[in-house]
Amino acid sequence: MRLATIKNGGTETAAIVTQKGVCPIRAVNKAKGTSWKTKMFDLILKEEIPLLTAWYNNGGKEELEEMPGVILAEEAVYGPLYRTPQRIFGIGLNYVDHAGDLGESAPVGFPGSFYKPASCIIGPMDEIRIPELEEAKKTTAEAELGIILGKDCKCIDEKDWEKYIAGYTAILDMTEESILRQNPRFLTIAKGFDTFFSFGPQLVTPDEVPDVLKLNVQTVHNGRVHAGNDVSNMTHKPARLVSLVSRLQGWKAGDILSTGTPRAVHIEDGDTAECRISGPDGFMMEPLINPVVDMKKRRG
């Protein structure tokens with residue numbers, strides 16, 4: 001099953017993706033007499049996504065195609081999946097090739113890591129805004145596989161990691177690289193500007209991804225593939241990342257794990273940045289695309 005958050009009637013509401021478009025959860029509730037939560041974050045917190053998935057896979061998919069209230073795909077306006085995670089946990093230099101681009105070695109004991117504030121969050125087609133600061137001379141965008149935690153947990157084993165996730169999504173993680181290169185201690189500043197974290201447009205439930213290691217993640221710049229790599233080539237693979245962080249500090253439902261990029265691309269005013277994630281047998285996540293605006297060029 002695939003879920004999205006759409007902008008509808010002045011609010012952002014959760015919806016299920018259908019062949020025709022998206023069906024808001026509130027339309028499902030009206031048609032079925034159910035009381036599913038209508039906000040994505042609430043669906044995660046109440047652990048309702050696995051229950052919705054079970055219904056979807058046992059006849060619900062077909063019911064949705066005839067259900068009133070479906071919004072056609074061309075009319076749907078997507079938001080970020082949600083805006084209030086407790087934590088956005090980022091992984092740096094997780095593909096050996098990317099580390100080599102920066103003249104560094106991929107961390108092997110513990111992963112390179114950082115936090116991002118929720119204030120960074122934007123959704124599909126929202127503007128990535130290069131900061132007005134004169135020091136901001138090179139902003140980069142990084143396509144990444146995102147993992148959404150589905151429940152509070154601590155000290156979980158690697159073999160059980162998928163039991164604790166709500167699903168997967170596409171991410172664009174931005175960095176003000178020119179500031180970061182001044183001093184690695186500036187990482188929080190370089191990663192924390194407004195609009196520096198986009199995710200969505202879909203949350204793909206784990207049953208649709210039988211082998212996450214076979215997914216391919218691509219950073220796309222102005223419609224052209226800049227770099228791509230398979231999840232199997234990560235130094236710290238998803239199972240290890242989810243298990244390790246659970247032992248270090250635990251996870252909260254709705255936490256977002258951004259697993260690292262195959263390569264960053266320098267973005268400028270007027271560009272588009274994009275994350276594409278594909279897999280075997282024609283599997284494809286809905287691409288995440290954001291236009292770029294340099295705020296220095298928009299002044300007065």
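Excluded from the calculations below are hydrogen atoms, water molecules and symmetry mates; all remaining heavy atoms, backbone and side chain alike, are included. This one's a predicted model, so the numbers in the text were calculated from it and none came from an experiment.
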Between Ser243 (side chain) and Ala239 (backbone), is there a donor-acceptor pair under 3.5 Å? no

Crowded around Lys296 NZ? As in, over 12 foreign heavy atoms under 6.0 Å? yes

Has Asn94 got a side-chain atom pairing as donor or acceptor with Met234's backbone, closer than 3.5 angstrom? no

Considering only Ile, Leu, Val, Met, Phe, Trp and Tyr, and joining two whenever side-chain heavy atoms are under 4.5 Å apart, list the other residues clustered with Val22. Ile6, Val17, Ile71, Tyr78

Residue Lys39 excluded, over 12 heavy atoms near NZ under 6.0 Å: yes

If we ignore hydrogens and angles and just use 3.5 Å, is the side chain of Thr5 paired with the main-chain N or O of Leu81 as donor and acceptor? yes

For Glu62, look at atom CD and say whether over 12 heavy atoms of other residues, nucleotides or ligands are found less than 6.0 Å away. yes

Could you list all the salt bridge (charged side-chain N to carboxylate O under 4.0 Å, His left out) pairs where at least one residue sits in residues 195-214, not counting sequence neighbours? Arg2-Glu208

Between Tyr56 and Lys61, is there a cation-pi geometry (under 6.0 Å to ring centre, at most 45° from the normal)? no

Apart from Met125 itself, which Ile, Leu, Val, Met, Phe, Trp or Tyr residues share its cluster (side-chain heavy atoms under 4.5 Å, direct or through members)? Ile289

For Glu134, which residues count as a salt bridge (Lys or Arg N to Asp or Glu O under 4.0 Å) partner, sequence neighbours excluded? Arg299

Under 3.5 Å donor-acceptor, His226 side chain and Ala264 backbone: yes

Aromatic plane relationship, Phe41 with Tyr82 - under 30° parallel, 30 to 60° tilted, over 60° perpendicular: tilted

Rounded to the nearest 0.5 Å, how far apart are CG of Leu45 and CE of Met40? 12.0 Å

Keeping to residues at least two apart or across chains, list the salt bridge (charged side-chain N to carboxylate O under 4.0 Å, His left out) pairs with something in residues 219-244. none

Looking only at atom types and distance, does a side-chain atom of Ser178 sit under 3.5 Å from a main-chain N or O of Glu135, one as donor and one as acceptor? yes

Share the residues that join Phe193 in a hydrophobic cluster, the rule being Ile, Leu, Val, Met, Phe, Trp or Tyr side chains under 4.5 Å apart at the heavy-atom level. Ile122, Ile128, Ile130, Leu133, Leu172, Met174, Ile179, Phe186, Ile189, Phe196, Val265, Ile267, Leu288, Val292

